[in-house]
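Both backbone and side-chain heavy atoms feed into the values below; hydrogens, waters and symmetry mates do not. Quick caveat: nothing in here was measured; it's all calculated off a predicted structure. Numbers here are sequence positions counted from 1. Just so you know, ligand 1 is whichever comes first in the structure, and atom 1 is the first atom listed for that ligand.
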Amino acid sequence: MTPAPDALDCIMEIRGISRAFGGLMALDDVSFKIKPGTVHGIIGPNGAGKTTLFNVITGMIPPSRGEVLMEGRPIPSVRPEILTSLGIARTFQNIRLFKEQTVLDNVMIGQHIHTPTPILSILLGGRRAAQGEAAARDEAMRALRFVDLGDKASKTVSSLPYGQQRLVELARALAAKPKVILLDEPAAGMNPTEKAHLIKLLSILKEDGYTIALIDHDMKVVMGNCDVITVLDHGKKIAEGTSESVHSHPDVVAAYLGKGRAEVADA
Ligand SMILES: Nc1ncnc2c1ncn2[C@@H]1O[C@H](COP(=O)(O)OP(=O)(O)OP(=O)(O)O)[C@@H](O)[C@H]1O
Ligand SMILES: [Mg+2]
């Protein structure tokens, strides 16, 4: 299939996505485009549908209507290795790591598409498999050094403070060498020093040309880094634009104040 003409200025397109859970419209006809090399914020009060959107993009939850296109093509399958091969990686709002495994092993899991499967290893022979393993290890270590956890590679994840576990998730996603990285509240549970570090890492990733979709409630994390922000409320897109424009958008202020969350107004 030939990519749509506008695919060049749009790496990922969310097109008319709706998702109902029983009578609740968690997502209601949400559409927006993510441009390559941008940090695209997705904000909204609790229950707005942000995580559900990531779950739809990554195929964990099928949409009731609509589709998601990656580089002009519909995302075809729910299999994680397909996502990785399309260049999509994510982190989770509730950290999903193998807590009793080492940090390095957890990060290596992020790139399983780039390393041979056990069957392939047998077919390819031990030497090729060993080379693939070594390359995966190098990539994982590179990602860990990037998040300043190179010296924690052999520790078990459970021995790390929560903020560092979040960075392990980020490293795992980066080790998959994604074109688009989806971060679901990466700063949640971090102390101010850890948050400042995360903001710095995001700015480096942005300079390096990564495309990032960023959900977060912390406006310091969102406002400073995002080129564009899409605001969801009750499953609907209520605003989109630069931090300045959404910050002062009356519907956005009302949505947050209505939920007793005044962060946008106060940011
Ligand atoms: N698997 C599910 N089954 C039923 N309802 C769900 C499911 N997943 C999400 N919901 C509901 O859909 C709505 C949107 O939830 P979602 O987790 O996407 O919100 P969110 O914007 O990520 O909120 P938060 O900021 O609290 O993380 C909520 O009302 C939630 O209870
Ligand atoms: Mg969420």
With a 4.5 Å heavy-atom cut-off, do [X] and [Y] have their side chains touching?
X: T38; Y: V228; value: no
X: L174; Y: L205; value: yes
X: I57; Y: R90; value: no

Shortest non-hydrogen separation from P186 to M190 and the atoms involved: O-CE, 3.6 Å
For ligand 1, which atoms have a heavy atom of [X] less than 4.0 angstrom away?
X: E185; result: 25 (O), 27 (O)
X: N46; result: 23 (O), 24 (P), 25 (O), 26 (O)
X: G49; result: 14 (C), 18 (O), 19 (O), 20 (P), 21 (O)

Distance-only donor-acceptor check, side chains T156 and E100, under 3.5 Å: no
Polar side chain donor-acceptor pair, T52 to R19, under 3.5 angstrom: no
How close does the nearest protein non-hydrogen atom get to [atom], and which residue and atom is it?
atom: atom 27 (O) of ligand 1; value: Q93 NE2, 2.7 Å
atom: atom 21 (O) of ligand 1; value: K50 NZ, 2.7 Å
atom: atom 15 (O) of ligand 1; value: T52 OG1, 3.7 Å

Pairwise distance CD1(I34) to CG(D227) - rounded to 0.5 angstrom: 11.5 Å
Heavy atom of protein closer than 4.0 angstrom to atom 31 (O) of ligand 1: no
Sole candidate of D233, V246, I238 that passes side chain to side chain contact (heavy atoms under 4.5 Å, CB included) when paired with D251: I238
Metal site the Mg ion (ligand 2): N/O/S of Q93 inside 2.8 Å: yes
N/O/S from N46 sitting under 2.8 Å away from the Mg ion (ligand 2): no
Sub-3.5 Å N/O-N/O distance, F21 and ligand 1: no
T51, I43, L24: member with heavy atom nearest to atom 17 (O) of ligand 1: T51
A48, G47, A20: member with heavy atom nearest to atom 23 (O) of ligand 1: G47
G44 to ligand 1, any heavy atom closer than 4.0 Å: no
Hydrophobic cluster membership, L53 vs V180, 4.5 Å side-chain cutoff: yes
